[in-house]
2 protein chains.
Amino acid sequence: MVNTLFLPELKEMLAENNTFELQEFCTALHPARTAEFMEGLEAGEAWKVLRHADLKLREEIFGYFPREKQVEVIESQDRAEVAELIADLPADDRVDLLHDVKTEVVEELLPLLPAHERREILRLREYPEDSAGGMMTTEVAMVDEEVSVRQAIDDLTRAAERLETIYYIYAVDHDQRLDGVVTARQLLTALKKPEMRVADLMETDLIYVEATADRNEVTNQVAKYDLHAIPVVDERRRLLGIITHDDVIDAVRQEATEEAQMSAAVEPLEEGYMQTSIVTLWWKRGVWLTVLFVTAMFTATALHHYEDQLSRWKWLVIFIPLIMGSGGNTGNQSATLIITAMTTGNVRLRDWRAIAWRELRVGLMLGGLLGVLGLILSWIQTRHEEQALKHRLWPLVVPLTLVLVVTCGAVSGSLLPLVFKRFGLDPSLMSNPFVAAISDILAIVIYMTVALTLLSAA
Amino acid sequence: MVNTLFLPELKEMLAENNTFELQEFCTALHPARTAEFMEGLEAGEAWKVLRHADLKLREEIFGYFPREKQVEVIESQDRAEVAELIADLPADDRVDLLHDVKTEVVEELLPLLPAHERREILRLREYPEDSAGGMMTTEVAMVDEEVSVRQAIDDLTRAAERLETIYYIYAVDHDQRLDGVVTARQLLTALKKPEMRVADLMETDLIYVEATADRNEVTNQVAKYDLHAIPVVDERRRLLGIITHDDVIDAVRQEATEEAQMSAAVEPLEEGYMQTSIVTLWWKRGVWLTVLFVTAMFTATALHHYEDQLSRWKWLVIFIPLIMGSGGNTGNQSATLIITAMTTGNVRLRDWRAIAWRELRVGLMLGGLLGVLGLILSWIQTRHEEQALKHRLWPLVVPLTLVLVVTCGAVSGSLLPLVFKRFGLDPSLMSNPFVAAISDILAIVIYMTVALTLLSAA
């Protein structure tokens, strides 16, 4: 996956210490591409190349390095030079990055940073990485709501260099409390009346989040209101920072990956699959496989309990995986539908009655479908079994079981995520093992009860 | 979920036809909030309220209505008034919306639209909804690369009203071929030299997508390069439109939901869970449950084949669900890890050897873990079974089976998504049923083979 297209040339330039060509290389392309072409270099070599770019560009290219290389550069290169780079990184990325750097290195670097940046880092580090406070950047375009439009544009032009985005400009009062917002476009078109106060132009119906809000709330708000950026405030509505759309896109993608992994019973990976060590993979999967194994032990115990019946009617054994699978698959469908609907806000806790009623009906319909298939299948598989033919009602055992198991699977699969949510647990992580365990045991108990009832009656 | 806070007041205003208050209601809040408060109104009532907002605001509030209500309004209200609204909607949203409106209504509306908008709609309708062409808006800020900075700002200020975003301004040649990009900020700071040509200011290393590119490619590019918007070009690099970050966020979320549903064997829903009819839910789930059922039939056939052995050593039955479950869960973990890694570009087809080697090692380690648990469990469950105790090697059957089944599950689960990808099929949709089927049959065959070998040997 390493782009080696320019690697020989780059190494040659480094060997010759060809300043002109290295400068040219740094400036010619989009910083993301430049970073891509440097993937084959070691941390020390990459840093040597970067020193030929000015600070602003150096920071941009560095921002596109893979996380491990960033950490390696920071930990291995000259502290003073690294500190200069760190001081210039966007405040939100910087904090995330320093989370991954060895603590002793961070402690050596902090005193080398300007006092303002140091305070900023210490403040942002207090918020969890997946809270609004952890996602935000503190470099936000804000103006005093009392100044004129002309003054506001002047102020902003001076600040523009430093800011990640100037699409929205936030208007604050003397206490830095967030009162309104204007777009860059509104400000520009208002230049016809340059003496107008920002307070008279601004939109006051504001969408914002508190610093303690969790990642999912942020992404939902931004998606719902189609925002370019969302302001983050403290509990007294003072403006702390903004979360920009690129961080939201990253967050949505990360969330999706984590949810997919959790619902497949994998503890979310912190790095890419290929970058995760074998031992970490083993651990993050083994934990949940063990939980699932323990729940499957209950199924084994249930089966043990019915051992005599199963050896009396041994053709019943054939259909165990099929019946358990049908119940489990249906439960898994229901759980996933409810979890995705909760993530996008389509379903809430208080809808549980409506959900149970829907799943009861869908479950009966799905059970009916599989019941018909089960009738055909059990006839094909069992029509020559003498044991079975002795009982008049035998063809009904598998279909009837399927209707009941599938319906129970649908209802329990849909309600479990809501139960976990209700008790503050993560529905995606918790539901699957429990849906599997409950539907498996239900399947065995229902199957055996139906079989005993019908076959004893006949 | 309907917000009924202002519903009585709204209905009263409508009954009184209170123009002033209705106008006030439309303008006071963020359009998304206004739309929220109107959720309890019928299409006709909602349209009556909207007529009190000016066209621009009307269009914005309408844009936040749920899709069904939008369609209802369009199909039921006065064609000429509706056409006026449609002419003003952003080009990309408009086409998506018209996809859902009855064909005969669309055909009545098209002649009422200005010729330019009509052509636009017909052109955009040609792209599939989840291609770059289907996602883009044609309202894009572009300037001739030969004009001066001052001229460019003048041109843009005049166009600003109509445009969805002016964060990026695209520079094109006389043939509308995309040559470069400047940000609004660069243009503003360049005002120091107003006579400079746009061509001398613009960035020429461009990231763009072709109109035929699929949604996943678009989201990957935007996420990789942290773009606010990505330009869409035809095969001759002529600028057709842009895809803005809000559409990318929507696309990423939709993609995540669809992938989660697919991997739970649900055909993706087109609407929210609560809006989907019971029959549609039944159908979208029933199809895949049937496929899974058919694959489970093979497992039943395999079990049928071993019926005599199973009735000879009936304690073997107890562990069938546990062994099949462990293999299936491990395979599911591997498949999900590979699918999410492919979505984010962390893993490619050509990495298959490295992946198989990783999964072989992780699989052996996981199998070892579960094997130890299986040893303990089978000892607890079987220690009083006379049949088992007759054989010296019986305690090894379950652990050894688990090691083999889990390892096979890990390797096959990781390779199947790659195989499907290789043949142009959707890995998320196809993998799970097949992983389940393959690992189930493997589990039975391995279990029986191990049992026969060890128990006959002893």
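Please read these numbers as outputs of a predicted model, since none were measured by experiment. To find a chain, count down the sequence lines: A is the first, B the second, and so on, and within it residues start at 1.
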Colleague: Looking only at side-chain N and O atoms, does A/Gln275 offer a donor or acceptor that is under 3.5 Å from a partner on B/Asn346?
Modeller: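 Yes - a donor-acceptor pair under 3.5 Å links their side chains.
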
Colleague: Enter the distance from A/Met297:CE to B/Ile376:CD1 here, rounded to the nearest 0.5 Å.
Modeller: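 That separation rounds to 8.5 Å.
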
Colleague: Give the ring-plane orientation class for A/Tyr64 versus B/Tyr225, where under 30° counts as parallel, over 60° as perpendicular and anything between as tilted.
Modeller: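 Aromatic pair A/Tyr64/B/Tyr225 classed tilted.
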
Colleague: Any chance you could measure A/Gln261, atom CD, to B/Thr340, atom OG1, to the nearest 0.5 Å?
Modeller: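 Answer for the CD-OG1 pair, A/Gln261 versus B/Thr340, is 4.5 Å.
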
Colleague: Please give me the minimum heavy-atom distance between B/Ile249 and A/Ala223, naming the atom from each residue.
Modeller: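 Distance-wise, the nearest heavy atoms are CG2-CB, 4.1 Å.
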
Colleague: Once salt bridge (Lys or Arg N to Asp or Glu O under 4.0 Å) is applied, do any residues pair with B/Arg361, and if so which ones, sequence neighbours excluded?
Modeller: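 For B/Arg361, no residue satisfies salt bridge (Lys or Arg N to Asp or Glu O under 4.0 Å) once neighbours in sequence are set aside.
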
Colleague: Nearest 0.5 angstrom please: B/Thr299 OG1 to A/Leu322 CG, how far?
Modeller: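 The OG1 atom of B/Thr299 sits 7.5 Å away from the CG atom of A/Leu322.
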
Colleague: How far apart are the closest heavy atoms of B/Thr343 and A/Arg253, and which atoms are they?
Modeller: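 Smallest heavy-atom distance, with atoms named: O-NH2, 3.8 Å.
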
Colleague: Would A/Val317 and B/Glu307 count as a side chain to side chain contact (heavy atoms under 4.5 Å, CB included) here? Give the steps.
Modeller: CA-CA 8 Å; A/Val317 171; B/Glu307 213 176 284; over 6 Å; no

Colleague: Rounded to the nearest 0.5 Å, what's the gap from OH on B/Tyr273 to CD on A/Glu359? Could you check?
Modeller: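 Nearest 0.5 Å value for the OH-CD distance: 3.5 Å.
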
Colleague: State, to 0.1 Å, how close A/Ser326 and B/Phe293 come at their nearest heavy-atom pair, and which atoms those are.
Modeller: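 Closest pair (atom of A/Ser326, atom of B/Phe293, distance): OG-CD1, 3.7 Å.
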
Colleague: Look only at the side chain of A/Trp282 and the backbone of B/Met365, and say whether a donor-acceptor pair between them is shorter than 3.5 Å.
Modeller: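 Present.
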
Colleague: Taking atom types as modelled and ignoring hydrogens, do the side chains of B/Arg285 and A/Ser334 form a donor-acceptor contact shorter than 3.5 angstrom?
Modeller: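 A/Ser334 and B/Arg285 do have a side-chain donor-acceptor pair below 3.5 Å.
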
